[in-house]
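See below for the structure under consideration.
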Amino acid sequence: ICGGLAIFGAILNLVRKPGNTVFDRFFLQPLPGILFLLLLAMVIRWYAEPLVKIISKQLVPVLGFKIYKVLNLNYVVLGLLAGVVITNTAGIPKFAAAGVKTARFVLKMGVIMLGARYSFAELAKLGVYSIWLIGFFVLGTVFFVLWLGSIFKQPKSMVGVLSAGMGVCGVSATVAVAPVVKAKSEEMAYTIGTILSFGIICMFVFPTVGHWAGMNATQFGAWAGTGILNSAQVAGAALAYQPDGIETLKVAEIFNITRVLFLPIIVLWLAIWFVRGEDGNGETVNVLKVVIEKFPLFVLGFILMFALSSTGMFAPANHYKGKFFDNNIKESKLLSDEQIGALKGEAEKVTKTDQKAALALLIENRKIMSRDDDAVIRGLINSKVMSKEADKILKSAHKAVRHTAKKIKKFRQWITLLFAFGLTGLGMQITLASIKQAGGQPLVIGGIVGTLKAVFSLIVILLFVQETI
C-alpha cells in the first residue's frame with residue numbers, strides 16, 4: 001500500500017508541475033515524509049521491539065531480570081528514541097520535513113481510538129474504597145504538580161502534561177494529554193523520562209520496603225497500584241513482591257485499572273484548565289466562550305469512544321482493554337484426555353486449598369468454570385509448583401476462556417501503528433539543545449511529587465487498608 005502511494009505521488013509530480021493547491025499542501029508535499037515515518041514505525045513495531053525482547057531474554061542469566069520490562073522499552077519509547085537519534089545525528093531528510101509535521105495530528109487520532117479500550121462497567125467492580133483512594137491521589141497529584149509548576153514558573157503546557165503523567169497512568173496519560181495542553185516535544189520527553197526513571201527506582205525500592213514494613217498482599221498491591229506510575233512497572237513490582245502467586249498482582253491491577261479509568265476525567269478537566277482565561281493578552285475573558293472556541297475536538301472524540309465502549313458496542317460491557325471472560329467455548333478448545341491425565345498426575349503437588357479446588361473443577365469440566373477460578377489458575381501457573389508441561393496446559397486453558405473482542409483487537413492494531421508513527425515524528429522534533437535550554441526543573445518537580453506520593457500513600461494504606469478492599 002505504501003509503495004503504491006509512493007509510485008502514485010511520484011507519477012503525479014512527473015506529469016504535472018508541483019504547485020501550492022490544497023491537494024499539493026495536504027497530500028503531495030507531506031506524502032514522502034508520511035511514508036518515511038510509516039516505514040520507521042513498522043520497523044520499530046515489528047522488528048526493533050521484538051529484537052529488544054529477544055536480546056533482553058538472552059541477558060537474563062547475566063542481569064537476573066528482563067531489561068526491556070525494567071526500562072519499559074516498548075514501541076512507544078523506542079519510537080521516541082529513534083526520532084531523537086535521527087534528528088540529533090543525520091537530521092530529518094528534506095523530503096520528509098512536511099510529512100513529519102503530521103505526527104501530532106496522527107497522535108490525536110490514536111488518542112481518540114484509545115477511548116474504546118476502557119469501560120465504565122469495569123469501574124463498578126473495583127470497590128468503593130479503591131475508587132476513593134485512587135481518586136484522592138490522582139486529583140491530589142495533578143493539583144500538586146500544577147501548584148509546583150506555578151512556583152517554579154514553568155509553562156502551562158509543561159505543567160499540564162507532567163501533572164497527567166505523574167497523576168494518572170504514566171506514558172499513556174502523557175500521550176493523551178500532550179495535544180490537549182499543546183505540549184512541546186521536549187516537554188513530553190521530560191515527562192516520559194521522569195516517569196520511567198522514577199518507575200525503575202520504585203520497582204526495586206517498593207518490594208524491599210513492603211517486606212520491611214510487613215505488608216500483606218492486599219496492602220502492597222494497593223500501594224504499588226497507587227504509588228508506581230507505569231502499568232508494566234506496577235505489575236513488575238507486584239510479582240517481585242509475591243513471585244509464587246498473583247494475589248498481590250490482582251490487587252495492584254485493581255488499583256491500576258481504577259487509576260487508568262480516571263484518564264477521561266483528567267483529560268477533560270485539563271483541557272478546560274488550559275484554555276481557561278486565555279485571550280492572548282493576559283486579560284480575563286468569558287471562560288465558557290473560550291472553552292467552546294478553543295476546546296480540542298479530539299477530546300470529545302475520546303470521551304465519545306469511551307462512552308460507546310461502556311455500552312458494549314465494541315466488546316461486552318464488562319471488558320477491560322477488550323478482554324473478557326467467557327467459558328462458552330467450542331468442543332475443540334476443551335482439554336484433551338491426554339492433557340487431563342497429565343494434570344491429574346501432578347495434582348498432589350498443589351497444596352493451597354483454593355488452587356486445589358480450581359484445579360479439580362478444571363479437570364472435571366475440561367475448562368475453567370469462572371472468572372475467580374481463572375485468577376486462581378493464573379496464580380497456580382505463576383507459583384511454578386507444577387512441571388513446565390502442566391503449566392503449559394493450564395495456560396492453554398486460560399487462553400481458551402479469556403477472549404479479546406475482535407473490534408477492540410482491530411482498534412489496538414491501529415492505535416499501535418498511529419502511536420508508533422506519531423511518537424517517532426514527535427521524537428524528530430526533540431533536539432538536545434532544546435532540552436538543555438528547558439533546564440532540569442520539570443525533573444525536580446516530578447521527583448518531589450513522585451516521592452511524596454509514594455510516602456504518603458504508604459502511610460495511608462498501612463493505616464486504613466487491611467486484608468480486603
| said: Considering only residues two or more places apart or on different chains, which pairs with a residue in residues 353-378 satisfy ring pair (Phe, Tyr, Trp, His ring centres under 6.0 Å)? | reply: none

| task | Test side-chain contact (heavy atoms from CB on, under 4.5 Å) on Met109 and Trp414 and set out the steps. | result | CA-CA 10 Å; Met109 298 303 294; Trp414 274 104; over 6 Å; no

When you compare the side chain of [Y] with that of [X], does any pair of heavy atoms fall below 4.5 Å?
X      : Y      : answer
Ile368 : Phe325 : yes
Phe324 : Arg402 : no
Phe137 : Phe255 : no
Leu343 : Met386 : yes
Ser150 : Val159 : no
Ser396 : Leu335 : yes
Thr226 : Arg259 : no
Asp372 : Asp354 : no

Counting N and O atoms only, with roles assigned by atom type, does the side chain of [X] sit under 3.5 Å from a partner on the main chain of [Y], one being a donor and the other an acceptor?
X      : Y      : result
Thr191 : Glu187 : yes
Lys156 : Trp273 : yes
Asn365 : Leu361 : yes
Gln355 : Val350 : no
His403 : Asp326 : yes
Arg366 : Leu334 : no
Asn327 : Met369 : yes

Of all heavy-atom pairs between [X] and [Y], which one has the smallest distance, and what is that distance?
X      : Y      : result
Val106 : Gly422 : CG1-N, 4.5 Å
Gly322 : Ile408 : CA-CG2, 3.4 Å
Thr248 : Ala217 : OG1-CB, 3.3 Å
Ile134 : Gly225 : CD1-O, 4.1 Å
Ala222 : Val251 : N-CG1, 3.5 Å
Ala252 : Val234 : CB-CG1, 3.8 Å

Would you compute the distance between atom [atom1] of [X] and atom [atom2] of [Y] and round it to the nearest 0.5 angstrom?
X      : Y      : atom1 : atom2 : result
Thr424 : Leu81  : OG1   : CG    : 10.0 Å
Arg45  : Gln413 : CZ    : CD    : 9.5 Å
Leu362 : Gln339 : CG    : CD    : 9.5 Å
Leu229 : Ile192 : CG    : CD1   : 12.5 Å
Leu78  : Tyr47  : CG    : OH    : 16.0 Å
Gln154 : Leu148 : CD    : CG    : 10.5 Å

| request: Using the side-chain contact (heavy atoms from CB on, under 4.5 Å) rule, take Arg412 and Thr404 through it: C-alpha gap first, then chi angles, then the decisive distance, then the call. | output: CA-CA 11 Å; Arg412 188 186 298 141; Thr404 300; 3.6 Å; yes

| query | In terms of the angle between their ring planes, are Phe206 and Phe220 parallel, tilted or perpendicular, with boundaries placed at 30° and 60°? | reply | perpendicular

Show me the donor-acceptor pairs, under 3.5 Å and distance only, between side chains in residues 34-42 and residues at least two apart or in other chains.
none

| By side-chain contact (heavy atoms from CB on, under 4.5 Å) - contacts of Ala358 (at least two apart) | Asp373, Val376, Ile377

| task | Just jot down the side-chain contact (heavy atoms from CB on, under 4.5 Å) partners of Leu51, sequence neighbours excluded, or say none. | result | Ile55

Can you list, pair by pair, the side-chain donor-acceptor contacts under 3.5 Å of residues 450-457, counting residues two or more places apart and other chains?
unit_1, atom_1, unit_2, atom_2, d
Thr451, OG1, Gly447, O, 2.8
Lys453, NZ, Met166, O, 3.1
Ser457, OG, Trp223, NE1, 3.3
Ser457, OG, Lys453, O, 2.8
Ser457, OG, Ala454, O, 3.0

| field | Centroid-centroid under 6.0 Å between Phe419 and Tyr75 rings | value | no

| query | Under 6.0 Å between ring centres, would you say that holds for Phe143 and Trp269? | reply | yes

| Think Lys182 forms a cation-pi with Phe274, using NZ or CZ under 6.0 Å from the six-ring centre and within 45 degrees of its axis? | no

| task | Output, in order, the C-alpha distance, side-chain angles, deciding distance and verdict of side-chain contact (heavy atoms from CB on, under 4.5 Å) for Leu162 and Met158. | result | CA-CA 6 Å; Leu162 185 62; Met158 176 72 252; 4.0 Å; yes

| Does a sphere of radius 6.0 Å around CZ in Phe23 hold more than 12 heavy atoms from other residues, nucleotides or ligands, not counting ones at 6.0 Å or beyond? | yes

| request: Assess whether atom NZ of Lys184 is packed by more than 12 heavy atoms of other residues, nucleotides or ligands within 6.0 Å. | output: no

| message | Less than 3.5 Å apart, any donor N or O on the side chain of Ser309 or His319 sitting next to an acceptor on the other? | response | yes

| query | What residues, two or more places apart in sequence or in another chain, satisfy ring-ring contact (aromatic ring centres under 6.0 Å, His included) together with His398? | reply | none

